[in-house]
Amino acid sequence: MRALYAGQVSSPRQSPPSVAGRGVSRGLVVVFALATGQAVASNYLAQPLLGTLRDVFGVSEAVAGLVVTASQIGYATGLLVVVPLGDLLERRRTIVTLASITAVGLAAAAAAPGIAVFGACVGLVGLTSVAAQLLVPFAATLAPEAQRGRIVGNVMSGLILGILLARTFSGLIAEVGGWRSVYALAALLMLAQAVVLHVKLPRFAQSAGLAYHNLLASTATIARDEPVLRRRALYGLLSFASFSVLWTTLAFLLSGPPFGYGDGVIGLFGLAGAAGAVAASVVGMYTDRGWVHRLTGGSAGLMSAGFVLLWLGRGSLWPLLAGVLVLDVGSNGLHLSNQSEIYRLRPEARNRINSFYMTSCFVGAAAGSALAAAAYGRWGWAGTCVLGTAVSLAAVGRWATDRQRPLAQREPFAGADPPV
C-alpha cells in the first residue's frame with residue numbers, strides 16, 4: 001500500500017487490480033482536491049475581468065463575453081478528445097503533461113496583445129485544464145465503494161472552490177497589479193502544481209486495449225447504451241448553462257450603475273457561492289444513502305429560486321448575494337447527484353463516461369455564456385434572469401417527468417475496478 005502512494009506501481013501500462021478501490025489517504029485526498037480546484041480555476045479567471053477586458057481591448061460586451069465562450073468551448077473539446085485518454089494512458093503522466101501545457105497557455109494569455117489572441121490562449125487553457133476531469137474519476141477509482149461518495153464529494157469541494165475562488169483571486173490580483181498579473185501568477189502556480197502532482201500522485205494505468213479512434217467511438221457507443229448517462233448528461237447541461245448565465249453577465253451588472261464596483265469587489269462575489277463547496281460534501285454523503293432522486297429535484301428547484309432572488313437583487317446587494325448563493329448550491333448539488341449516478345456505470349470505462357457527461361455540461365456552459373452575453377447586451381439584467389429561469393425550469397420539468405429510479409436506490413456498485 002505504501003508503494004501506491006509513493007508512485008511505485010509495478011507496470012506503467014496495467015496497474016495491479018489491488019490498486020483500485022483500496023483507499024485514498026487523507027493527504028492524497030487533499031492533493032486531489034487542491035489540484036482539481038487549481039486546474040479548473042484556470043478556466044474562470046476571466047469572468048470578473050470582463051468589464052476591464054471590454055474597456056482595455058475596446059470591444060462590446062457581447063464580444064467580451066465570448067472570451068468565456070472560447071474557454072468553455074476549449075474545455076468541452078478537451079473533455080471530448082483528451083479525457084478518454086485516461087482509459088488508455090498512464091494517468092499521472094497524462095495529468096502532469098496537461099498541467100504543464102496549461103501553465104504555458106496562461107503565460108501566453110498574460111502577454112496577449114489583443115482580444116483575438118487572448119481568446120485563443122484561454123481556449124488552449126480550457127482544452128488542457130480538463131486535467132481536473134481526469135483527477136475526479138481517478139480519485140473515484142482509488143476509493144473503496146463504501147467511501148466513494150464521500151471522497152468524490154471532498155474532491156469536488158476542491159473543484160467547486162477552485163471555480164468560485166478563481167473569481168476572487170482574479171479580481172483582487174487585478175485590482176493590485178492589473179489583469180495581466182492574474183495570468184502571469186496563475187502560470188507560475190500551475191507550473192508548481194505540475195511538480196507536486198508528479199511527486200505525489202500514484203502511477204496508475206488501465207488500458208482499454210483500443211486504438212485512440214476506437215476509444216473515441218466507444219464513448220458514443222457507451223452513451224447510446226446507457227440511458228442513465230444520457231439523462232444525467234441532460235441535467236448536467238442545464239445545470240452548467242444556468243451557472244454560466246449568471247457568471248458571464250454578473251461582472252457587467254456589478255461594474256455599472258447602481259453598483260459601480262471594481263475588479264476586486266466583483267471577484268469577492270465568488271465567496272458568496274462558496275456554500276456550493278460545502279453542499280458538495282453534504283450531497284456526496286447523502287448520495288451514499290440513496291437520496292439521489294430527492295437531491296436532484298431539490299437542487300433543480302434551488303436553481304430556479306436563485307434566479308428569482310437575482311432578479312430582486314438587480315438594484316439591491318443582499319438579494320443579489322442570496323441569489324448567487326442559492327443558485328450555486330443548486331447547480332453544484334445537481335452536478336454531484338449526477339456524478340454519483342454515472343460513477344456506478346462501467347468502472348472500466350469511467351473516463352469515457354466522464355468525458356461524455358462533462359462534454360455535455362460544457363456544451364451547456366458555452367451555450368449559456370453566449371446566449372447570456374447576447375441577452376444582457378439587448379435586455380440587460382432582465383434578459384439574464386429570464387434566460388436563467390427558463391433553463392432552470394427545464395431541469396425541474398425533466399425531474400418531474402423522470403420515472404426511472406436512480407442506480408443508487410437499486411443496488412450498490414460492485415466495488416473495485418476490474419482489470420481490463
Side-chain angles (χ1 to χ4, degrees), residues 76 79-81 83-84 86-87 130 133 136-137 140-141 145 148-149 152-153 156 206 208 210 214-243 283-284 286-301 303-304 330-368 391-415 417-418 420:
L79 290 165
L80 187 63
V81 302
V83 171
D87 289 332
V130 295
Q133 300 306 327
V136 176
T141 296
E145 165 62 19
R148 183 165 288 130
V152 170
M156 284 299 300
Q206 283 186 321
L210 298 172
N214 290 329
L215 188 75
L216 295 182
S218 71
T219 302
T221 301
I222 292 168
R224 181 196 65 195
D225 294 341
E226 295 288 354
V228 170
L229 177 57
R230 296 196 304 273
R231 185 172 73 253
R232 289 291 162 176
L234 176 59
Y235 281 131
L237 184 151
L238 296 171
S239 170
F240 274 59
S242 67
F243 190 84
V283 170
Y286 280 99
T287 56
D288 287 339
R289 301 180 183 180
W291 285 35
V292 175
H293 186 66
R294 282 172 282 185
L295 289 168
T296 299
S299 297
M303 287 162 47
S304 301
S331 60
N332 287 312
L334 183 54
H335 179 49
L336 263 293
S337 299
N338 293 337
Q339 287 189 312
S340 72
E341 287 286 273
I342 66 172
Y343 286 158
R344 297 173 185 272
L345 304 170
R346 303 197 190 192
E348 77 284 358
R350 190 165 282 145
N351 283 285
R352 281 166 285 166
I353 287 170
N354 198 46
S355 170
F356 179 82
Y357 169 72
M358 289 303 303
T359 299
S360 301
C361 290
F362 277 85
V363 166
V391 173
S392 301
L393 287 177
V396 173
R398 181 64 185 91
W399 174 80
T401 58
D402 191 353
R403 295 292 180 264
Q404 187 166 2
R405 195 152 50 98
L407 293 174
Q409 295 176 3
R410 296 184 212 160
E411 59 185 47
F413 175 63
D417 292 10
V420 180

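- Closest non-hydrogen pair, Leu215 versus Pro84, comes out as CD2-O, 3.1 Å.
- Two residues are said to be in side-chain contact when any heavy atoms from C-beta on lie closer than 4.5 Å; Gln339 and Val136 meet this criterion.
- Scanning all heavy atoms of the two residues, the minimum distance from Val396 to Ser304 falls at CG2-OG, 3.7 Å.
- Within the 4.5 Å cutoff, no side-chain heavy atoms of Phe243 are placed close to those of Met303.
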query: Please walk me through it: do Asp225 and Arg346 pass side-chain contact (heavy atoms from CB on, under 4.5 Å)?
result: CA-CA 11 Å; Asp225 294 341; Arg346 303 197 190 192; 3.5 Å; yes
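- Between Leu234 and Arg231 there is no side-chain heavy-atom pair separated by less than 4.5 Å.
- No side-chain heavy atom of Arg352 sits under 4.5 Å from any side-chain heavy atom of Phe356.
- Distance check, rounded to the nearest 0.5 Å: OG of Ser360 to CG of Leu229 gives 7.5 Å.
- A donor-acceptor distance shorter than 3.5 angstrom exists from the side chain of Ser355 to the backbone of Leu79, with no hydrogens or angles considered.
- At least one donor-acceptor pair closer than 3.5 Å links the side chain of Thr401 to the backbone N or O of Arg398.
- Leu345 places none of its side-chain heavy atoms less than 4.5 Å from the side chain of Arg232.
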task: Report the C-alpha distance between Phe362 and Val130 in whole Å, list the side-chain angles of each, state the deciding distance to 0.1 Å, and finish with yes or no for side-chain contact (heavy atoms from CB on, under 4.5 Å).
output: CA-CA 11 Å; Phe362 277 85; Val130 295; over 6 Å; no
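- Side chain of Ser239 to backbone of Gly236: no donor-acceptor contact under 3.5 angstrom is found.
- Between the side chain of Trp399 and the backbone N or O of Arg294 there is no donor-acceptor pair closer than 3.5 Å.
- Between Met358 and Val83 there is no side-chain heavy-atom pair separated by less than 4.5 Å.
- In terms of the side chain to side chain donor-acceptor pair (under 3.5 Å) criterion, residue partners of Tyr357 (sequence neighbours excluded) are, by chain and number, His335, Asn338.
- Taken to the nearest 0.5 Å, the CD1 atom of Ile342 stands 11.5 Å off from the OG atom of Ser337.
- The CG atom of Leu336 lies 9.5 Å from the CG atom of Leu295; values are rounded to the nearest 0.5 Å.
- Residues that satisfy the side chain to side chain donor-acceptor pair (under 3.5 Å) test with Thr221, not counting sequence neighbours, are absent from this structure.
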